[in-house]
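Below is one structure, written out as C-alpha cells; comments come after it.
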Amino acid sequence: METRRYGEWIEVRRDGHVAEVVLDRPRAMNALSTELARRLTAACADVAADRSVRAAVLSSTHERAFCAGADLKERDGLSDAEFGRHRTALRGAFTAVLDLPVPAVAAVHGFALGGGFELALSCDVIVADPTAVVALPEVTVGVIPGGGGTQLLPRRVGAARAAELVFTGRRVPAEEARRLGLVDELTEEGGARQAALDLAARIARNSPVGLRAAKRALRTGWGLGLAAGLDVEDAAWRTVAFSPDRAEGVAAFNEKRAPDWPGE
C-alpha cells in the first residue's frame, strides 16, 4: 500500500486501483476548516488526475465521527472577507469530491453532520455502520446547507423528505437513515470502512473507461427529461463503444478469462 499526506489532516492511501481519501483531524472530529478543505481539494484533484484509479473511498480515522461538519470555532473569529475565502475553500472541497470521475464510496461511522454529511452525499454510494448519525442542521445555527445538501438530498429521498430533514435539522440514526435512503448499505459495527473498500475493489475490477463513462452519464443525466437523458447516455456509450477496453471486454468474455483492461 502506498500513502501520501496532504498537510496534517488528509491522507491518500493507494491499494491497487483503489484510492482511499482519509479525513484525519482527530482532535476536531474532522471539522471542515479552511486548511482541511484546501488539502482535501488537492488530494481529490490528484486522485481525479490519476488514470490508474478506478474507484475511490472517502473515510475517517476518528473513532466517533466521519466528519462533524463546519469548523464553527474557526468561523467565529473570521472577518467577513475571511469568511468569504473560507466559503470558497469549502465549496472547492465539496466540488472536488463530487467531481471525482470514478465511482466514490463514503464509509460513514459516528457523526456525519452538516458539511460532513454533504461530503458523504457527494459520493455515489454511502456505506454506514450502526453508530452512524447523519443530519443537515445548518438552519439551527442560522445558515443553510451550503455543500450541496439542498440539491443532493432531494435527489436521494425526494423533495418532501429532504425538506423535512433540512427544515428541522434533526439527527437521523443509522437504522432510520438506511430506511429513508440517506445511506445505502448498513454493516455491522466498525465494518463500514472495510465494506466500502471491498465494494470499491469489486467496482475496480471493471473497465476503467466504462466506469468513468457510466458515472458521467449518471451524473450528467440527473434532472433531465427522458429524451435528453437518453441522449446523454448515447453520447457516453459512444465514447466507450469503439475503445480498446470494449474490445478487450468482448475478447475476454469469449475466451472465458479475466479481462486485462487497457484503460483507454
Side-chain angles (χ1 to χ4, degrees), residues 1-14 19-47 56-79 82-97 104-123 126-138 140-143 145-149 169 171-174 177 183 189-194 196-197:
M1 180 181 291
E2 302 175 5
T3 63
R4 178 179 176 182
R5 298 292 300 191
Y6 290 77
E8 185 179 359
W9 299 325
I10 300 292
E11 182 173 87
V12 174
R13 303 169 182 168
R14 278 294 305 273
E20 182 184 7
V21 181
V22 185
L23 307 176
D24 186 26
R25 192 187 179 195
R27 293 183 180 179
M29 288 188 171
N30 296 324
L32 295 169
S33 66
T34 304
E35 176 65 11
L36 187 149
R38 288 173 176 160
R39 298 295 186 173
L40 179 58
T41 301
C44 288
D46 283 351
V47 170
V57 170
L58 184 61
S59 67
S60 161
T61 61
H62 198 282
E63 295 181 354
R64 296 191 295 112
F66 173 72
C67 174
D71 188 338
L72 297 183
K73 290 183 179 179
E74 178 189 39
R75 285 187 180 185
D76 190 47
L78 297 179
S79 67
E82 290 169 334
F83 191 38
R85 290 191 290 271
H86 171 75
R87 164 63 178 167
T88 299
L90 259 64
R91 187 169 185 191
F94 294 124
T95 301
V97 176
V105 183
V108 175
H109 66 273
F111 296 111
L113 308 178
F117 187 36
E118 288 172 307
L119 285 179
L121 289 171
S122 297
C123 295
I126 303 175
V127 177
D129 81 358
T131 69
V133 177
V134 304
L136 294 176
E138 283 84 352
T140 69
V141 292
V143 290
R171 296 184 178 189
V172 183
V183 304
E189 186 168 340
R193 176 177 174 268
Q194 189 58 54
L197 289 170

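For clarity, every value in this text was computed on a predicted model and none was experimentally measured.
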Could you pull out all residues at least two apart from [X] that satisfy side chain to side chain contact (heavy atoms under 4.5 Å, CB included)?
X	value
Ala68	Met29
Arg91	Arg87, Thr95
Thr61	Arg13, Val22, Asp24
Ala70	Leu72, Arg75

Least distance between heavy atoms, [X] atom then [Y] atom:
X	Y	answer
Gly169	Ala135	O-CB, 4.2 Å
Cys67	Leu23	CB-CD1, 4.1 Å
Phe94	Leu119	CD2-CD2, 3.5 Å
Arg25	Ala31	NH1-O, 3.0 Å
Ala19	Val12	CB-CG1, 4.5 Å
Gly92	Thr41	C-OG1, 3.3 Å

Please name all residues satisfying side chain to side chain donor-acceptor pair (under 3.5 Å) with [X], sequence neighbours left out, ordered by chain then number.
X	result
Arg4	Tyr6, Asp46
Glu82	Ser79
Glu189	none

Taking salt bridge (charged side-chain N to carboxylate O under 4.0 Å, His left out) as the test, write out the residues that go with [X], two or more places apart.
X	result
Arg39	Glu35
Arg193	Glu20
Asp129	none

query = When you look at CZ of Arg64, are more than 12 heavy atoms from neighbouring residues, nucleotides or ligands closer to it than 6.0 Å?
reply = no

message = Once rounded to the nearest 0.5 Å, what's the spacing between atom CG of Leu58 and atom CG of Leu40?
response = 6.5 Å

ask   = How long is the span from the CZ atom in Arg38 to the CH2 atom in Trp9, to the nearest 0.5 Å?
value = 11.5 Å

inquiry  = Does Asp76 form a side-chain contact (heavy atoms from CB on, under 4.5 Å) with Lys73? I'd like the steps, not just the answer.
reply    = CA-CA 5 Å; Asp76 190 47; Lys73 290 183 179 179; 5.9 Å; no

request  = Answer yes or no: is there a side-chain heavy-atom contact under 4.5 Å between Glu74 and Thr34?
outcome  = yes

For a quick test of your reading: what N or O donor-acceptor pairs under 3.5 Å do the side chains of residues 108-118 make, sequence neighbours left out?
{"from": "His109", "atom 1": "NE2", "to": "His62", "atom 2": "O", "distance (Å)": "2.3"}
{"from": "Glu118", "atom 1": "OE1", "to": "Gly147", "atom 2": "N", "distance (Å)": "3.3"}
{"from": "Glu118", "atom 1": "OE2", "to": "Gly146", "atom 2": "N", "distance (Å)": "3.4"}
{"from": "Glu118", "atom 1": "OE2", "to": "Gly147", "atom 2": "N", "distance (Å)": "2.8"}
{"from": "Glu118", "atom 1": "OE2", "to": "Gly148", "atom 2": "N", "distance (Å)": "3.4"}
{"from": "Glu118", "atom 1": "OE2", "to": "Gly149", "atom 2": "N", "distance (Å)": "2.8"}

Backbone of Asp71 reached by a side-chain donor or acceptor of Ser33 within 3.5 Å = no

task = Give the intermediate values and the outcome of side-chain contact (heavy atoms from CB on, under 4.5 Å) for residues Leu136 and Glu138.
result = CA-CA 6 Å; Leu136 294 176; Glu138 283 84 352; 3.6 Å; yes

